[in-house]
Amino acid sequence: MARGAVATGAEGSATLKWIAIIGLLLVVAIPCLFIVVQAIFPEFGSGSFAAPFSVFFKTLIDPDLFGLAGNTLLLGVGTMVCAAILAVPLAALRALFRVPGALIWDALLLIPFMIPPYIAALGWIMTLQPRGYLEQLTGIHLAPLLFSVTGIMLIMGLNTFSVVYFVLSRTFETIGARYSDVGRVFGAGQWRSFWRITLPLSMPGLAASLLLVFAMSIEEYGTPAALGRRIGFEVLVTGIENRISEWPIDLPGSATLSLVLVSMALVAFMLQRWLLTRRDYRIVGGKPQAFDKKELGVWTLPVSLLFAFVAFLATGLPILAILATALSRTISGGLKPSNLGLDHFSELLGAGSEGLVALGNSLVLGTTTALLAGLLGAITAYSVVKGRGRFRIVLDALSITPNSLPGVVVAVGIILAWNQPWLPITPYNTPFILLLAYICILLPQPVRYATASLHQLGDNLEASARVCGSGPLKAFVRIVFPLILPSMVTAMILVFAVASRELVASLLVAPVGFQTIAVFIWQQFDQGSAGLGMAMAFCAVLITTLIPLALISLLRWASKGTVAGLR
Amino acid sequence: MISSPSAPAQSHALAIRSVSMSYGAENVLNDISVDLAPGQVLGLLGPSGCGKTTLLRLISGLLLPDAGEIEIAGGKVAVPEAGIALPPEKRGLGMVFQDYALWPHMSVARNVAFPLQMKRVGAAECKERVAKALDRVGLGAMAERRPSDLSGGQQQRVAIARAIVAEPPLVLFDEPLSNLDRELRETMVEEIADLVAELNLSAVYVTHDHSEALTLSDHVAVMRGGRIEQTASPHDLVNHPATSAVADFLRLGCLMPVARVADGWTIEGTGLVLPEGAFEGAQAQVLLPEKALRLGASGPSTLKTTVVRAQTRSTGQALTLRVTGTPHLIRLSSSSPVKAGDMLDLSFSPEDLRWFPISDQPT
Amino acid sequence: MISSPSAPAQSHALAIRSVSMSYGAENVLNDISVDLAPGQVLGLLGPSGCGKTTLLRLISGLLLPDAGEIEIAGGKVAVPEAGIALPPEKRGLGMVFQDYALWPHMSVARNVAFPLQMKRVGAAECKERVAKALDRVGLGAMAERRPSDLSGGQQQRVAIARAIVAEPPLVLFDEPLSNLDRELRETMVEEIADLVAELNLSAVYVTHDHSEALTLSDHVAVMRGGRIEQTASPHDLVNHPATSAVADFLRLGCLMPVARVADGWTIEGTGLVLPEGAFEGAQAQVLLPEKALRLGASGPSTLKTTVVRAQTRSTGQALTLRVTGTPHLIRLSSSSPVKAGDMLDLSFSPEDLRWFPISDQPT
Amino acid sequence: DVTVYSAGPGALIKNLAAGFTEKTGIKANVFQATTGKVMARLEAEASNPVADVVVSASWGTATDFAAKDLLLAYESPNAETVPDFLKMEGAVAQGVAGLIIAWNTESGTPKPADWSDLAKPEYKDLVTLPDPAASGGTYTLVEAFIANDMTDVLQGLKDNGAIVAGANKAALNPVLQGAKAAVFAGVDYITMGAAAKGETIEAIFPESGTVVAPRPIMILKSSQNQDDAKKFIDYVLSEEGQQAVAKVNLMPSRTDIKVDRPLIGDLKLLSNEGAPARDDVLAGFKAIFN
Ligand SMILES: Nc1ncnc2c1ncn2[C@@H]1O[C@H](COP(=O)(O)OP(=O)(O)OP(=O)(O)O)[C@@H](O)[C@H]1O
Ligand SMILES: Nc1ncnc2c1ncn2[C@@H]1O[C@H](COP(=O)(O)OP(=O)(O)OP(=O)(O)O)[C@@H](O)[C@H]1O
Ligand SMILES: [Mg+2]
Ligand SMILES: [Mg+2]
């Protein structure tokens, strides 16, 4: 935000600035630094600084790299477009109109986050491939679409569009109908005032969430690997995973390639910054205006159907595929009544407490991560948006970096950083290292959510608190945070959802003998029991959906509908 | 894009008939009826919170009435009983919002250009008209700024420019000059008056500044608590206020209770006896209009007063006088210097008094 | 938690010395100096965009000056040269923002309670003081509403209540009554005056309403284009404007150029010859103060005028007259009915005229 | 205590750890993941190692670790009946996996007998194979094919519309569901495990021979618990330990353990003598399949 002169009131709290700086240093900068070091010094893992840059340049001059990077870019942009096309209309409808069952749609659209991407991809394959569930039920299969670049984009779009949906529906809700109504008084029809006013005003949310989607999709491994490899569509991240998935592994090479991913994300990030600083989006001013959602009228049914259709595609299909697999005694047996049963579920319960322990671990970790990442995210975004000076661009850039790093690489960075022999104390090999890893990986979400919201806040709201005698910290707690709370609640629910099912980092950095749901599910797959794993996945999704839902209802009840985001 | 509602016999630019409206349980507007002929300006005066903005929102289509009928240029635009509710963009209006409602993401020029673009005015003409509108409000130099980089008054002027740039047949002004200095306000009032006259526009003009309302309006409606107390021309309003509330609100003079005595009426506390007013009953109120008062004891009736306060004004002094023997205050401006504590005689002629029933107490 | 800056010799509630400030390249305030004694009110008058809000933001600490010094209650709060920049919360202020700056997520009562909570006032006392402040501004019944459910004027009053509830030693008002009707405005002005007097507060009061400024202020500063043109008591300001710009801005009367002729000065276009003004040069300007004018040809000097416009006002008529033979307009209010086109004679005594050099042209 | 990093079947290492603790009273902490993840973690931890014992799915790790002098030389007394090619200084095979054709018996295709059968028209577009870059087993097989000049089989597969699909599981899944008929270079124990669960799938050992993937178990020199670690190796190679290995359908590395499945001795093995370096193998594969 361009601002005229130095304003103490708008500078924000120094305490918060330092919390943000130290928090980001610890959680993000240190692991990233070690990744860079690893990329440069191939022998760094064993403590040696020998042969600097030997692998670095070798990896970078690989002639394939260009093609891989191109594919990655194509995939990232394509996914972004798919996600935007799916999310923008839904978010606008959800935020500006009274959509029947809105909370239920929200919950359903949250589910794509809770399904681990590798399971979702498997679900899609098992549904759409020849002799898949779709063919078994209807006689047609969609393999040509599924195994195509468009298919990958579509599926990744379906997996990620809820980020855009949630950020944007908060943004739209804040914008309300007020500004477009003004446009209508001046002769713009409903559509034109949406295009000319509401949508441009939602740029903070749109840009922030599309940046998230872009970073997520260039880093995502599961889907492009499962679908892309078959058609020879390789992306950078498959290169990274290949270097790490089989013996001999090539850590410096994958670290180097990750840096390529990061630089792509940073370019996208600069673009986002440019978009947001070019104009002014501060619409929450000192003269609040009442805003009621409009009635849909005759559109109620079509809109409900649209929501149902998208929710079915994004959530229903994968969940049904999961359920079908969980209920099938054998995969080759197909969807025949004789092959269906609750065997896997009873085996799951019979497997004793192990699954339950894993579930408990994940829930505790998920909740803690959500709270801490939410708080740190809000503080970071606040320091970035309200602060001044170069440091904030660095902070801002840092906060998106982990999102573009594959989980494995982040995990390696964290191990490198926190398993140094000279550290007096270290969270390594305790559950806290998982917390660190999760916060690192998921921090981008709350930061972007908060950034989007903060860009909408007028300066005078905080300024007047300062003049009323509140210190910067208190002004943040009493004024700024409550105003962005709706976004933060959503962000935290998302963080909870992802943290409670995160696999790759969990697998790699988990303390020996510590299990999380995702690890447990993965092990079931690894033992060849897709059914058992799917049963577990299904239960996990159910539980991770119900918990935040219960939480929202509780908050809603407690706040008696006064918190905007919960309406 | 503004398709004016079909006008069979365009006798009214705006007609509001028995409109009522509530926010939830709270009744905000009650049985409002107003007519406005083309080319005229309707001033809306009323205390804070009486429903002026709500009425404008009903006219513009941002709110729907609970009951009643609104017609613009002869076409019905809102009749809840018949399910008619023309959206705002079909009503062909301009509006200055009380909180300006400028679009923060557009530059000043783009804000102002919006209504023109909606009418598909060509780029060149659009540019020219925007420049002209901005010049009108004295902001020609600030076209490329963001609204948030302007002072409060400058923002308000952008809102005015946006409302008039497309020269819509009906313009709604919601306290458009509240943040401008007096000089600018006078210029702007003239601009607006010229515009209305030149283009034969109609306007509804909400203001708290009586002189603005009286200057600009062909008719003034005085609202109070969601009702219209009186609609009249400025001259009638000032000379024949319908109720004591109107008189009080317009600060026409001093309202005093009077009681019937043997030979007429007396203003309680003074020895003054008034001849019979055209009025029944034992109690009443009289309005002693400020403009009927003369300093000195030369007129037919005389009041003794004490100067409570004498404040400097640019055109002399504003005096607050207390009628001796009563708590009633009289405001008066005078160019001869007096000071607090002085005794002054005021004279007036009884036929200038206005009589109101006592029940009709101003709040 | 307001820790008032230590006050060694509290001679000034506020002292601003040679403060300048720019937004980027644009210079907004230039060498502003102002003093304010405790218990006094400083009125700030000036055209839209002249830098009044910016000055208040400097005082409150929301902006830092580029140069100069600001002291509050004897303690330096902003000295850029010395790197002193006390944050707003340490300055112990109340402020009514021009855009109100109400917090949308809090009820009216909680908005108003905020400054008290920041001072750690106990809950019971807090509640009572909030109720009192809301009653003062006439919003006692709306304590539990959200600010978004209030009318513009009601919101503005919430902002006033919030600024005064904690009774801070220095209150900054930025056009606090702009959206209120006249009756309420008068009541509020009195409330504010009482408050300042009772609690010995100081206040800086920005307004566009001259009568408000002149009523409330012990001193009035007239700003123009980022500079202070004159600071004086209301009486001095009206009777001895320092420049023609001040006179023009305050609408003190009619400014006319005069040229030297053989036997004194003449107002060009009229035959009127004025005796020598205490003034050198061949060209000058005179101010013909409105309050020095009398209708009729009875005074020492006489001007012939034509009525251009006669508008109804609640206290009579507002006349616009043109001095015959010149384009100069004179504004005057009169209670005797005249109409456009009538010829009127005005008389005045030459010693009431005020003389200004010609270069000092108002913009 | 002993800390074991193990790639491969989770059930196996879980059983081994439990049996070991029961037998010796020593606690075994297990970190279980894929070979890649285990190695990544080991490499990242290299400056401050945590693991005592490592089980990998790729023999190459053992030779490489030995070359880097990371391994503690230990010859378990229970390793006597382990054939020489399954042990070396510092490492010994825990068990052995074989590469096979995994064929869906319900696919309506004739049962294949050899690799080259899958290049026949009956299997047009019906074969998957794991990516050698992501599957150690497939890599070894491809390596052997190149070493034995059998790349024409691979070319035949490609021409017959076979697809490369991720790692082992990703290749098996379409065959289970029936989208494809067979996995070229499936892994025997996974396939047998699925068959045991009732899937209509069969592991076929091709006539022309195959390769095996011994799973080395080794003690790191940096271990602080070398005695416990040695005991763990002893236990894994004990009769009981080898039965646990067999239970997940891996071939026990001791020849004297008899279980009901083809054992090492029964297999015709392709040699990978003279194979080019890894990058060239992968490049050669890519040249055919891309
Ligand atoms: N959204 C709302 N919900 C409930 N009551 C409302 C809402 N908006 C306004 N009101 C109430 O309706 C009444 C009329 O409001 P309106 O804005 O029309 O007043 P107004 O005449 O424009 O006042 P002002 O001069 O202060 O702007 C007020 O008493 C206000 O408190
Ligand atoms: N953020 C900003 N960036 C650049 N210029 C600004 C900014 N804010 C204000 N200005 C300019 O500074 C000048 C002074 O603004 P200020 O708000 O102090 O005026 P003001 O005297 O309060 O006017 P008003 O009576 O209209 O509120 C104006 O010309 C305005 O355009
Ligand atoms: Mg209003
Ligand atoms: Mg201002």
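Since the structure is predicted, the reported quantities are computational estimates derived from the model, not experimental observations. So you know, we letter chains A, B, ... as the sequences are listed, proteins then strands, and number each from 1. The analysis underlying the following values was restricted to heavy atoms, covering all of them including side chains, and did not include hydrogens, waters or symmetry mates.
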Turns out that what part of D/Ser107 lies under 4.5 Å from chain A's heavy atoms comes down to backbone
I need the residue from A/Leu251, A/Thr238, A/Ile231 with the largest number of non-hydrogen atom pairs under 4.5 Å to chain D. A/Leu251
Looking only at D/Ala165, D/Ala170, D/Ala33, most heavy-atom pairs under 4.5 Å shared with chain A are made by D/Ala33
Looking at CG of A/Asn429 and CZ of D/Phe31, how far apart are the two atoms once the value is rounded to the nearest 0.5 Å? 10.0 Å
Verdict with reasoning, A/Leu507 to D/Gln32, per side-chain contact (heavy atoms from CB on, under 4.5 Å): CA-CA 8 Å; A/Leu507 201 56; D/Gln32 192 249 321; over 6 Å; no
Going through the checks in order, is the side-chain contact (heavy atoms from CB on, under 4.5 Å) test met by A/Phe514 and D/Asn29? CA-CA 10 Å; A/Phe514 188 89; D/Asn29 304 312; over 6 Å; no
Side chains of A/Ile244 and D/Met39, heavy atoms from C-beta outward: is any pair under 4.5 Å? no
Side chain, backbone, both or neither of A/Leu227 within contact of chain D (heavy atoms, under 4.5 Å): neither
Side chains of A/Val412 and D/Glu43 in contact at under 4.5 Å (non-hydrogen atoms): no
Spacing of A/Arg230 atom CZ and D/Asp131 atom CG [to the nearest 0.5 Å]: 12.5 Å
If you count heavy-atom pairs under 4.5 Å between each of D/Thr3, D/Thr35, D/Thr191, D/Asp64 and chain A, which one has the most? D/Asp64
Flag the pair D/Asn48 / A/Gln420 as yes when at least one side-chain heavy-atom distance between them is below 4.5 Å, and no otherwise. no
Taking side chain as everything from C-beta outward and backbone as N, CA, C, O, which of these in A/Val509 sits under 4.5 Å from a heavy atom of chain D? Side chain, backbone, both or neither. backbone
Give the member of D/Ala51, D/Ser58, D/Ala134, D/Ala57 that has the highest number of heavy-atom pairs under 4.5 Å with chain A. D/Ala134
Would you say that D/Tyr5 contacts A/Val512 through its side chain, given a criterion of any heavy-atom pair below 4.5 Å between the two side chains? yes
By a 4.5 Å heavy-atom criterion (distance strictly below it), what part of D/Thr34 contacts chain A: side chain, backbone, both, or neither? both
Ignoring hydrogens and geometry, is there a side-chain-to-backbone donor-acceptor pair from A/Gln129 to D/Ala179 under 3.5 Å? no
Is D/Leu176 in contact with chain A via its backbone, its side chain, both, or neither, using a 4.5 Å heavy-atom distance? both
Using side-chain heavy atoms (C-beta onward) and a distance below 4.5 Å, is D/Glu199 in contact with A/Ile331? yes
Residue D/Thr128 versus chain A: region with a heavy atom under 4.5 Å: neither
Highest number of heavy-atom pairs under 4.5 Å with chain A: which of D/Val38, D/Thr61, D/Val175, D/Asn168? D/Thr61
D/Tyr139 portion near chain A, given a 4.5 angstrom heavy-atom threshold: neither
Taking A/Ala226, A/Ala225, A/Gly232, A/Gly132 one by one, which has the highest count of heavy-atom pairs under 4.5 Å against chain D? A/Gly132
Top residue by heavy-atom pair count (under 4.5 Å) with chain D, among A/Tyr133, A/Phe34, A/Tyr118? A/Tyr133
Between D/Gln177 and A/Gln136, does a side-chain contact (heavy atoms from CB on, under 4.5 Å) hold up when you go through it step by step? CA-CA 10 Å; D/Gln177 212 178 23; A/Gln136 292 177 30; 4.2 Å; yes
Which bit of A/Tyr428 is near chain D, if near means a heavy-atom gap under 4.5 Å: side chain, backbone, both or neither? side chain
Under a 4.5 Å heavy-atom cut-off, does chain D meet the side chain of A/Asp250, its backbone, both or neither? neither
Under a 4.5 Å heavy-atom cut-off, does chain D meet the side chain of A/Glu135, its backbone, both or neither? neither
Taking it one step at a time, do D/Arg41 and A/Ile415 satisfy side-chain contact (heavy atoms from CB on, under 4.5 Å)? CA-CA 8 Å; D/Arg41 181 156 168 158; A/Ile415 299 177; 4.1 Å; yes
A/Ser332 side chain to D/Thr200 main-chain N or O, any donor-acceptor pair under 3.5 Å? yes
Any side-chain heavy-atom pair from D/Lys197 and A/Leu532 closer than 4.5 angstrom? no
Other residues, nucleotides, ligands: >12 heavy atoms within 6.0 Å of D/Lys124 NZ: yes
Residue D/Val4 versus chain A: region with a heavy atom under 4.5 Å: neither
When you look at A/Asp64 and D/Lys286, which way does the salt bridge (Lys or Arg N to Asp or Glu O under 4.0 Å) test go after all the steps? CA-CA 12 Å; A/Asp64 288 350; D/Lys286 228 173 166 183; 3.7 Å; yes
